[in-house]
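The structure appears below as structure tokens.
Atoms within each ligand, like the ligands themselves, are counted from 1 in listed order. The chain is numbered in sequence order, starting from 1.
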Amino acid sequence: MNIQEIIANKRDRKKLSEEEIQYFIQSYTKEEIADYQASALIMAIYINGMDEEEITNLTMAMAHSGDILDLSELGTVVDKHSTGGVGDKVTLILAPIISSLGIPVAKMSGRGLGYTGGTIDKLESIPGYKTNISIEQFKENVKKIGISLIGQTMNLAPADKKIYALRDSISATESIPLIASSIMSKKIAAGANKIVLDVTYGSGAFMKTKEDAQKLADTMQKIGEMSERETICILTSMEQPLGRNIGNILEVKEAVEFLRGKGERDVEEVILELGSYMIKLAGKGENLEENKQKIKETITNGKAYQKLKELVKKQGGDISYIENLEKFKIANYILPVIATKTGIITRLEAEHVGKISVELGAGRIKKEDKIDYSVGIVLEKKTGDYVTEGETIAYIHANEKEKGNEAVKKLQSAYEIK
Ligand code: URA
């Protein structure tokens, strides 16, 4: 078997056999296949797709490219994953909430992908926070404090780590086989037995329509069933960015504020919806409305906020930044974006906003790029808000003036005011 033949088969729309898929995943993980060859195959999959059997084989090969964790000694462990969004800081908020309710959370997250942000980049913007702890430490943390959030630096789904970074740099993100295998391989490897998936649709999501999001959800649910992980998918709209802040430090700050009881309405809706299902799946409450109340309580009584601090501390992070948000680095330039006319904001496309934040340095253009944690966007006004000409509708946080001015112009034209 050789990689050229496999690339040619997918290029010519042929179905790949289980052996071909395993060969590709194993050889690429061992670095016996070059990035340019893997890129060609990934792009052929992106363009020509895969059937259900191929997607399952790809997922299983990726999950088994490293260790598969067994967390059964910890009882019911829940995990949550989003298919991606702009301003999506849900994990930073929801994981401590669920853990504070006595449900163990063990989660392996990803980095930014395309114009969407990644939880790992956000966590790494907290000074000292280690996302690459050992498997033993990961388990130990879940056992001791009921929560651990890590990246893919351990030997868990290493194939996904490599393919994910490649997809990010070759514009091969919006694909059902590639997203389903990426997410489900991580979930299978990380060992949680109950999974809630937030499947996003709309401008800032990889699935632009609800129908495609449903197809992606069905594919992941089937893989979940097959691998004996009870999986629930919830479809959520990502037409405009979630919450106010986009960018790594900015999103950590918004997440902390949320846990201190100052949450944005749209973020709260997603938290309550996903969280109520996580509690149900964990067997801690059949009634979704009552579960939502439990979530509100654990925020109000400060337990969820304490759990976030416990998590950050346990993983080496400096909690004085969480306690005192002013300690975080602030970008060199904070530039206002001004409304060009009076009226109602009728559109603010999340994809557009996400791309502006990547150009500012909040995401990667090449896979080797370093993230600039302090840059991003703060939205003062969103769809449905009334604005008057000359009013500040957003702020650009930039470290380079030229990039900042460019971003101001782009964001101004991203707002549709009627
Ligand atoms: N999240 C992932 O882990 N992978 C994807 O492909 C998209 C979102």
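Between K296 and E268 there is no salt bridge, since no side-chain N of the basic residue sits under 4.0 Å from a carboxylate O of the acidic one. Taking a cutoff of 4.0 Å between a charged side-chain nitrogen and a carboxylate oxygen, K410 and E359 qualify as a salt bridge.
Residue pairs meeting the salt bridge (charged side-chain N to carboxylate O under 4.0 Å, His left out) criterion with at least one partner in residues 317-330, sequence neighbours excluded, are K309-E323.
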For ligand 1, what N or O to protein N or O distances fall under 3.5 Å?
residue  : atom  : partner : partner atom : Å
ligand 1 : 1 (N) : H81     : NE2          : 3.4
ligand 1 : 3 (O) : H81     : NE2          : 3.0
ligand 1 : 3 (O) : S182    : OG           : 3.4
ligand 1 : 3 (O) : K186    : NZ           : 2.6
ligand 1 : 4 (N) : S182    : OG           : 2.7
ligand 1 : 6 (O) : R167    : NH1          : 2.9
ligand 1 : 6 (O) : R167    : NH2          : 2.9

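The neighbour count for E402 CD, taken as heavy atoms of other residues, nucleotides or ligands under 6.0 Å away, does not exceed 12. Within 6.0 Å of NZ on K313 lie no more than 12 heavy atoms contributed by other residues, nucleotides or ligands.
When ring centroids are compared, Y129 and Y321 stay outside the 6.0 Å threshold.
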